[in-house]
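For reference, the structure is listed below as structure tokens.
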Amino acid sequence: MTVTDTPVAPAPAPKRPAPHLRAWAAVRNTWRGLTSMRTALVLLFLLALAAIPGALLPQRNLNEQKVEQYIADRPTLGPWMDRFELFDVFSSFWFTAVYVLLFVSLVGCILPRCLDHYRALRTPPVRAPRNLGRLPLHHDETVDGTPEQVIERTRRHLRGWRTEVRAEQGRDGEITLSAEKGYTRELGNLVFHLALVGLLVAIAVGKFFGYEGSVIVIANDGPGFCTTSPAVFDSFKAGNVNDGTGMTPLCVRVENFRADYLETGQAEMFTSDIEYQAGADLRTDTWRSTTIKVNHPLRVEGDRIYLQGHGYAPTFTVTFPDGQTRTESIQWRPDDARTFLSSGVLRIDPPGGMYATDAERRQNQIAIEGLFAPTALLHGNLLTSAFPRMDDPAVAVDIYRGDTGLDTGRPQSLFALDPEQIRQGRLSKEARVNLRPGESTTLPNGTKVTFDGAQEFVNLQVSHDPAQQWVLVSAVAMMAGLLVSLLVKRRRIWIRVYPEPDPAGTVSQRRSVVEMGGLARTDQAGWGGEFDRLRHRLLAEDDRPQHRTSAARDADPTGE
């Protein structure tokens with residue numbers, strides 16, 4: 001007998017899906033991965049991690065000079081850090097990408113959960129298991145009454161529970177009751193995540209449509225300011241879709257400033273009395289008085305006016321050789337936060353018509369540069385400050401005459417002269433003196449410089465955030481939802497009732513057998529005690545024999 005091998009046809013190659021189906025599958029799988037809760041938690045962690053450089057490194061929108069100095073001190077590393085936008089963290093492309101991905105992920109995973117929760121609320125509680133004795137918590141006993149009476153009595157005690165009564169086919173007259181409670185836990189969890197999305201949206205809206213400006217105002221009935229344009233602010237930051245126009249009309253002037261200090265010189269509280277106009281008050285020229293403090297801003301017309309800091313503005317009077325005078329005050333920068341030893345410069349232009357030509361006038365401009373001490377302490381001729389309060393003010397200044405650069409149109413530092421002008425001889429030093437209020441010095445050309453004292457200035461910040469109240473609402477909702485999701489537990493109970501059979505095999509019309517089982521859907525801590533209390537409330541009768549739950553029998557296996 002000859003056995004011949006029958007050739008086997010090769011298996012057909014698996015058919016590859018069409019390109020558009022593969023593309024759709026890739027998009028679907030990417031979307032599922034992005035909208036998973038695990039991805040949302042990872043993105044939330046990355047967002048917190050990405051914010052760390054913004055807290056540790058100087059940011060350009062807060063202090064550009066400090067950023068430039070930081071880069072200059074690190075000529076190799078600094079430019080690379082700037083390329084990765086580490087000095088503009090919160091407006092960088094990578095921070096924005098994480099922010100947007102987190103927002104999309106949260107929305108994509110929360111909305112389906114909301115729909116599932118809605119369907120769960122409309123779904124009746126699940127049927128009772130066939131064998132309630134296999135549940136972690138179980139109890140059975142015989143009670144008086146028909147199954148209908150027992151179920152009705154039990155249902156009245158289960159207010160607040162979602163219940164469903166069903167007639168079963170297992171035994172004649174058998175009725176089951178399914179009850180569930182704790183759906184608020186999932187609701188609280190959804191509220192927390194929806195509020196988190198609301199918080200992100202509110203912050204984004206505030207960044208898009210808000211603005212923030214800081215301005216220094218001299219106290220003691222100084223000129224004040226009005227929010228007519230961004231030009232009135234010393235620094236101004238508009239939202240991404242806000243060009244600085246359409247600001248809320250507002251005028252402010254500072255009446256006084258008070259600082260409370262401890263004996264160590266540490267500031268305890270800053271307080272300022274101000275007057276303001278807003279809304280209809282601008283048309284009637286009505287000024288309203290109020291007091292602002294640190295962390296206690298003025299809220300008016302949707303804007304907030306914060307008191308951020310203070311300092312001193314020395315006042316000098318320059319008497320020119322022909323007798324004409326110029327008196328000016330300007331803020332000097334506090335260099336020592338503990339003693340408020342301040343530095344700055346004051347540039348004064350001679351009165352018009354005093355000199356025949358502009359070139360001659362520019363050669364006789366006055367620049368005063370030096371230090372101001374609110375409470376002077378001299379070490380020889382070296383001036384320092386002993387206390388931040390203005391108890392004994394004094395200045396140590398260098399006085400220059402020449403071209404201060406006021407007519408060049410170039411931006412100059414408010415607190416220091418351009419050393420290049422001094423090096424080129426365009427400014428010549430004419431005097432170096434220490435002065436107290438009322439003291440003066442005379443320059444070689446007859447110009448007299450008098451130190452008149454100092455006034456205090458305040459740094460006010462005007463902030464407009466149209467979504468600020470929603471940030472607060474979202475934060476409160478987040479806390480409420482988190483507490484609910486942590487405190488509320490999901491639990492289920494089932495009660496099966498059927499008539500008690502008597503020894504003759506007939507069905508009793510006055511007594512029923514009750515089986516009760518309980519199951520916690522979440523953490524079971526404390527559920528055993530609650531189950532016992534619930535059993536006593538639903539089933540216990542004074543004339544009924546007491547039966548123990550399966551949990552109690554497990555704790556005492558001897559039965560004693």
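All values below were derived from every heavy atom in this structure, side-chain atoms included, with hydrogens, water molecules and symmetry-related copies excluded.
Scanning all heavy atoms of the two residues, the minimum distance from Tyr261 to Ala267 falls at CD2-CA, 3.7 Å.
A donor atom on one side chain and an acceptor atom on the other are found under 3.5 Å apart for Thr339 and Asp336. Looking only at atom types and distance, the side chain of Asp82 has no donor-acceptor partner in the side chain of Tyr70 under 3.5 Å away. With 3.5 Å as the limit, one finds a donor-acceptor pair spanning the side chains of Arg304 and Gln468. One side chain, Asp273 or Thr291, offers a donor N or O that lies under 3.5 Å from an acceptor on the other. Thr404 and Gln365 share a side-chain donor-acceptor pair at under 3.5 Å. At a cut-off of 3.5 Å, with distance as the only test, a side-chain donor of Asp285 or Gln277 sits close to an acceptor on the other residue. The closest side-chain donor-acceptor pair between Asp452 and Thr317 falls under 3.5 angstrom. A donor and an acceptor atom, one from each side chain of Asn256 and Arg258, are located under 3.5 Å apart.
In this structure, CD in Gln331 is found 10.5 Å from CG in Leu346, a value given to the nearest 0.5 Å. Separating the CD1 atom in Ile274 from the OH atom in Tyr276 is a distance of 8.0 Å, to the nearest 0.5 Å.
For Phe340, the ring-ring contact (aromatic ring centres under 6.0 Å, His included) criterion is met by His310, not counting sequence neighbours.
Counted within 6.0 Å of CG on Asp73, heavy atoms from surrounding residues, nucleotides or ligands total more than 12; the atom is thus considered enclosed. Atom CZ of Arg326 sits in a crowded spot, with more than 12 heavy atoms from other residues, nucleotides or ligands closer than 6.0 Å. Counting non-hydrogen atoms of other residues, nucleotides and ligands closer than 6.0 Å to CZ of Arg283 gives a total of 12 or fewer. Annotation for Asn381: atom CG does not count as buried by contact number, only 12 or fewer foreign heavy atoms lying within 6.0 Å.
Between Glu439 and Arg436 there is no salt bridge, since no side-chain nitrogen of the basic residue lies less than 4.0 Å from a carboxylate oxygen of the acidic one. For the pair Arg426 and Glu420, the salt-bridge criterion is not met [side-chain N within less than 4.0 Å of a carboxylate O].
Taking the six-membered ring wherever Trp is involved, the centroid distance between the rings of Phe457 and Tyr312 does not fall below 6.0 Å.
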